[in-house]
Student: 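If you scroll down you'll find the structure; I have some questions about it.
Order of listing sets the numbers, starting from 1, for every ligand and every atom in it. This one's a predicted model, so the numbers in the text were calculated from it and none came from an experiment.
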Amino acid sequence: MTQITLIPGDGIGPEITEAVKTIFAAAEVPVTWEVENAGITTHNAGGLLIPVSLIASLNKNRVALKGPITTPVGGGFKSINVTLRQMFDLYQNVRPAKSTVGIETPFKFVDIVLFRENTEGLYSGLEFYDERHGIADAIARVTKDGCDKICRAAFEYARKHKRKKVTVVHKANILKLAGSLFINSAKTIAPEYPEITLDDKIIDNMCMQLVNKPEQFDVVVTTNLFGDILSDLCAGLVGGLGVVAGANIGKDMAIFEAVHGSAPDIAGKGIANPTALLRSALMMLHHINEHEHANRIEAALEETFKHQEQCTGDLGGKASTQEFAQNVISHLQ
Ligand code: ATP
C-alpha cells in the first residue's frame, strides 16, 4: 500500500475527490489516503491557509492528490496553489490534452502534452505598488536555471514517450531578455535530443494555430502565465475543463490536480465531472508505478465516454457526479 496525501479542497473539490475515492476502492487500488485540507476550509475553521499538518504529510508521503483550492479574495493572501508549488519547487506543471472517442468536439486528433513552468514568471510574487504615483509593477522574473529545468523536462518526456516535436512558446519579440532566455535555453538543450524536432511559436500565433490546426502540436513547453492560459485553451479543444488532468512535479515530490478551479457556480449540486481529477489520479498511479491499475481504470473511463447518457452534463449526459463514478465502476474489467 502506498500512502497518498489527499487534499479534498473546496467548491466541487469534495464531490469529485469522493468520486475518485469510490472508483479507486472498487478497483482495489493499493493506496491509502491521508486526508489533509487547506484554503478557505481550514481558514474558516480558524486554522492556517496551509496547515502545518498538511506540510508534514506532504513531506512524509511525497505524493498527493489535490482538489481545487480557493484562496480568499482580499486580505492580501498569496495564492495557496502557487505557494505549494514554490514551497516544494514543483517546477513542472504537466497538462496533457487528448481527444477522446465519445467526447464530441470539432477536433478529433488533438494529442498535446503541455509543460508549463510552475514557479517563476508572472507568478513569482514580485508585485509592488507605488501609491504616491499610482504605479503597480508585476515582475515576471525567469531564471536561466528555471528555463533550463522546464525545457529539459519537456525534452526528457518527449524522449521517454517517443514524441517527435517540442514546441517552445514565448514572446521573445517583445520580452527581449526574459523571452530570449527561455527560447535560448530550449535551443541549447535541443541538440542533446537529435531525434526530436524543436519548433518555436510566439504566444499570439500559437493561440491561433491551436484553434486552427491543433493536431500539428505534440509536446509544448512555455512559461508560467502562457502555460496557464494555453492549458485552458487546450482543455476547450478536447471537451472542456471537466476532462483535463495535471501534475505538479518536482525533484522528489509530486502533487496531482485537475486543470480546473473550484467551479463555485456548480459546487454542491452534485453535477461536476470528476474525470479531470480521476485522470490526474491516473497520472499519479503511473508516477508510483501502478501502471496496471491506471490502465484498467482508464479503459473503464473510455468505455463510459462511449455512452453519452452515462456522462455528466458538461459532456451532454445526465449522470450526477456519483452516478458517473458508478458507471465507470460498472465498466471495470
Ligand atoms: P481558477 O481561476 O481557480 O482556475 P476559474 O475561474 O478558471 O478557476 P473554474 O473553477 O476552473 O474557473 O471553472 C470554469 C468553468 O468551468 C465554470 O463554468 C465551471 O462550472 C466549469 N467547470 C470547471 N470544472 C468543472 C468540472 N469538473 N465539471 C464541470 N464543469 C466544470
Side-chain angles (χ1 to χ4, degrees), residues 7-23 37-41 43 49-50 65-74 77-85 90 93-97 100 102-105 114 116 118 121-123 125 207 224-248 255-283 301 304-305 308-325 327-328:
I7 309 169
D10 49 66
I12 59 171
E15 303 160 49
I16 57 176
T17 42
E18 203 47 50
V20 171
K21 278 170 71 182
T22 306
I23 294 167
N37 226 330
I40 277 186
T41 315
H43 186 253
L49 283 173
I50 302 181
L65 181 65
K66 173 181 163 300
I69 292 179
T70 311
T71 304
V73 180
F77 300 114
K78 184 175 169 182
S79 160
I80 293 148
N81 297 322
V82 173
T83 306
L84 285 173
R85 292 165 187 167
L90 306 174
N93 191 187
V94 187
R95 293 180 157 181
T100 307
I103 300 182
E104 290 303 317
T105 79
L114 182 87
R116 165 194 178 193
N118 215 16
L122 264 179
Y123 295 66
C207 293
N224 209 333
L225 180 67
F226 296 160
D228 192 13
I229 296 167
L230 285 184
S231 49
D232 268 33
L233 197 164
C234 289
L237 300 175
V238 297
L241 284 170
V243 301
V244 281
N248 303 288
I255 300 181
F256 296 82
E257 65 178 333
V259 169
H260 63 70
S262 57
D265 52 333
I266 56 167
K269 295 184 179 165
I271 58 170
N273 189 345
T275 300
L277 189 69
L278 179 60
R279 282 181 161 165
S280 308
L282 300 185
M283 288 176 82
L301 184 62
T304 312
F305 292 136
Q308 198 185 38
E309 75 287 356
Q310 296 186 5
C311 297
T312 47
D314 57 315
L315 298 181
K318 290 195 167 54
S320 67
T321 308
Q322 290 306 327
E323 284 165 352
F324 180 82
N327 293 334
V328 174

Student: Thr22 versus Gln322: any side-chain heavy-atom pair under 4.5 Å?
Tutor: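 Counting from C-beta outward, Thr22 and Gln322 do come under 4.5 Å.
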Student: Would you say atom 11 (O) of ligand 1 touches the protein, meaning some protein heavy atom is under 4.0 Å from it?
Tutor: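 Flag for atom 11 (O) of ligand 1 set to true, protein heavy atom closer than 4.0 Å.
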Student: Look at atom 28 (N) of ligand 1 and say which protein heavy atom is nearest, naming residue and atom and giving the distance to 0.1 Å.
Tutor: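 The closest one turns out to be Asn273 N, 3.0 Å.
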Student: As a quick check of understanding, evaluate side chain to side chain contact (heavy atoms under 4.5 Å, CB included) for Thr100 and Leu301, giving each step before the final call.
Tutor: CA-CA 10 Å; Thr100 307; Leu301 184 62; over 6 Å; no
Student: Quick one: does Ala276 get a heavy atom under 4.0 Å from ligand 1?
Tutor: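 In this structure, Ala276 fails to qualify as a contact of ligand 1 - no heavy atom is under 4.0 Å.
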Student: Which residue holds the protein heavy atom closest to atom 19 (C) of ligand 1, what is that atom called, and what is the gap in Å?
Tutor: Asp265 OD1, 3.5 Å
Student: Quick one: list whatever passes ring-ring contact (aromatic ring centres under 6.0 Å, His included) with Phe324, sequence neighbours left out.
Tutor: none
Student: Considering all protein heavy atoms, does one lie under 4.0 Å from atom 26 (C) of ligand 1?
Tutor: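 Neighbour list for atom 26 (C) of ligand 1 includes protein heavy atoms (cut-off 4.0 Å).
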Student: If we ignore angles and hydrogens, is there a donor and acceptor under 3.5 Å between the side chains of Asp314 and Thr312?
Tutor: yes
Student: Going by a strict under-4.0 Å cutoff (protein heavy atoms only), does atom 2 (O) of ligand 1 have a neighbour on the protein?
Tutor: no
Student: Under 3.5 Å between some N or O of ligand 1 and some N or O of Ala263?
Tutor: yes
Student: List for me each residue that meets side chain to side chain contact (heavy atoms under 4.5 Å, CB included) alongside Lys78, sequence neighbours excluded, and say none if there are none.
Tutor: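 Lys78: side chain to side chain contact (heavy atoms under 4.5 Å, CB included) contacts with Val82, Thr83, Gln86.
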Student: Considering heavy atoms of the protein only, find what lies nearest to atom 14 (C) of ligand 1 and give residue, atom and distance to 0.1 Å.
Tutor: Leu241 CD1, 3.7 Å
Student: Measure Thr275 to ligand 1 on non-hydrogen atoms and call it side chain, backbone, both or neither using the 4.0 Å cut-off.
Tutor: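 Neither; no heavy atom under 4.0 Å.
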Student: Check the side chains of Asn327 and Thr304 for a donor-acceptor pair under 3.5 angstrom, ignoring hydrogens and angles.
Tutor: no
Student: Heavy-atom contacts with Ser262 under 4.0 Å: which atoms of ligand 1 show up? List them by number with element.
Tutor: 10 (O)
Student: Going by the closest heavy atom to atom 4 (O) of ligand 1, which one wins out of Gly313, Gly261, Ser231?
Tutor: Gly261
Student: Is the closest side-chain heavy-atom distance between Val20 and Ser280 below 4.5 Å?
Tutor: no
Student: Measuring to protein heavy atoms, does anything land under 4.0 Å from atom 16 (O) of ligand 1?
Tutor: yes
Student: Is the charged tip of Arg85 near the ring of Tyr123: under 6.0 Å from the six-membered ring centre and within 45° of its axis?
Tutor: no
Student: Counting only heavy atoms, tell me which of Asp228, Ile266, Asp232 gets closest to atom 29 (C) of ligand 1.
Tutor: Ile266
Student: Which distance, rounded to the nearest 0.5 Å, do you find between the CD1 of Ile271 and the CD of Glu15?
Tutor: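 That separation rounds to 8.5 Å.
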